[in-house]
Novice: 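Once you've had a glance at the structure underneath, I'll fire off some questions.
These values consider heavy atoms only, across backbone and side chains, with no hydrogens, waters or symmetry-generated copies.
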Amino acid sequence: MIIKETLQNHHPPLSYYTSYVKRHIEQYVRNILAHESLAWMRDLVPILRAFNMLLARRADELNDTRYVLMQRDLHFGKIMCDPITARITAILDWEFAAVLPLPMWTPGNAFLWNGQQTAEGLSEQKHLYGVFEQMCGRRDGALLEDFSSKAPHDTIKGVFNYVRAIVEVCPRGQKAEGAREWRRFAEEALGTLGITI
């Protein structure tokens, strides 16, 4: 029986980037230990705990970052525009929003995508992302520098995102093949940080 509450994250606000990542990894470890659909991940638990210890040891270095408000599920379906001026009038659905360290920002697969599973749709998404980068550069050039993935932040983000994805989809019986590939990516990222099975 799946205990629904263990799949939810009930965390108070956290002051630091490393605290945010560590708290979520702790939750993911609890989920892995609690749910049979995640039993194939249990040998990774000591490695995830070692990852959290690394975050604690490097906290001063890693926490030296900017924090920004993130919508976290942004795509065209969430953006309202004035049809006459073409100016954005609202961004909808802020239930997943959070103030997070900039290295945790990720545009997600749907960001600036028109929903078309075609080469043209993906090409348009890539083009619009370039426009987005130009607009950010005009507003605050330093912000773009922070957006670019930098070691070890990009590696930490990789571990975090792959483990999160596995813990979210496996208890629902979804994406079993993808989850095994995500685990491999998480293990590679952990290895880059010097943490191996």
Novice: Write down the atom of Arg42, the atom of Ile32, and the distance for their closest heavy-atom approach.
Specialist: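 Between these two residues, the closest heavy atoms are NE-O, 3.0 Å.
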Novice: Quick check: does any side chain N or O of Asn63 sit under 3.5 Å from a backbone N or O of Tyr16, one acting as donor and the other as acceptor?
Specialist: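 No: the side chain of Asn63 does not pair with the backbone of Tyr16.
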Novice: Count I, L, V, M, F, W, Y as connected when their side-chain heavy atoms are under 4.5 Å apart, and connections chain through other members. Are Met53 and Leu193 then in the same cluster?
Specialist: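 In one cluster with Met53: Leu193, no.
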Novice: For Thr89 and Asp82, which I'm curious about, is there any donor-acceptor pair between the side chains at under 3.5 Å?
Specialist: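 No, Asp82 and Thr89 have no side-chain donor paired with an acceptor closer than 3.5 Å.
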Novice: What residues form a ring pair (Phe, Tyr, Trp, His ring centres under 6.0 Å) with Phe185, not counting sequence neighbours?
Specialist: Tyr162
Novice: List for me each residue that meets side chain to side chain donor-acceptor pair (under 3.5 Å) alongside Glu61, sequence neighbours excluded, and say none if there are none.
Specialist: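 Partners of Glu61 by the side chain to side chain donor-acceptor pair (under 3.5 Å) criterion, ordered by chain and then number, come out as Arg58.
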Novice: Looking at residues at least two apart in the chain, or sitting in another chain, which of them share a side chain to side chain donor-acceptor pair (under 3.5 Å) with Asp93?
Specialist: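 For Asp93 there are no side chain to side chain donor-acceptor pair (under 3.5 Å) partners, ignoring immediate neighbours.
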Novice: Could you tell me if the side chain of Phe51 sits less than 4.5 Å from the side chain of Ile156, heavy atoms only?
Specialist: yes
Novice: Can you sort out the partners of Glu26 under side chain to side chain donor-acceptor pair (under 3.5 Å), two or more places apart, ordered by chain and number?
Specialist: none
Novice: Would you please name every residue forming a salt bridge (Lys or Arg N to Asp or Glu O under 4.0 Å) with Asp43, sequence neighbours left out?
Specialist: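 Asp43 satisfies salt bridge (Lys or Arg N to Asp or Glu O under 4.0 Å) with Arg183 once adjacent residues are dropped.
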Novice: Does the side chain of Thr196 reach to within under 4.5 Å of the side chain of Ile47, using non-hydrogen atoms?
Specialist: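 They are not in side-chain contact.
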Novice: Cluster partners of Ile84, using ILVMFWY side-chain heavy atoms under 4.5 angstrom, listed by chain and number?
Specialist: none
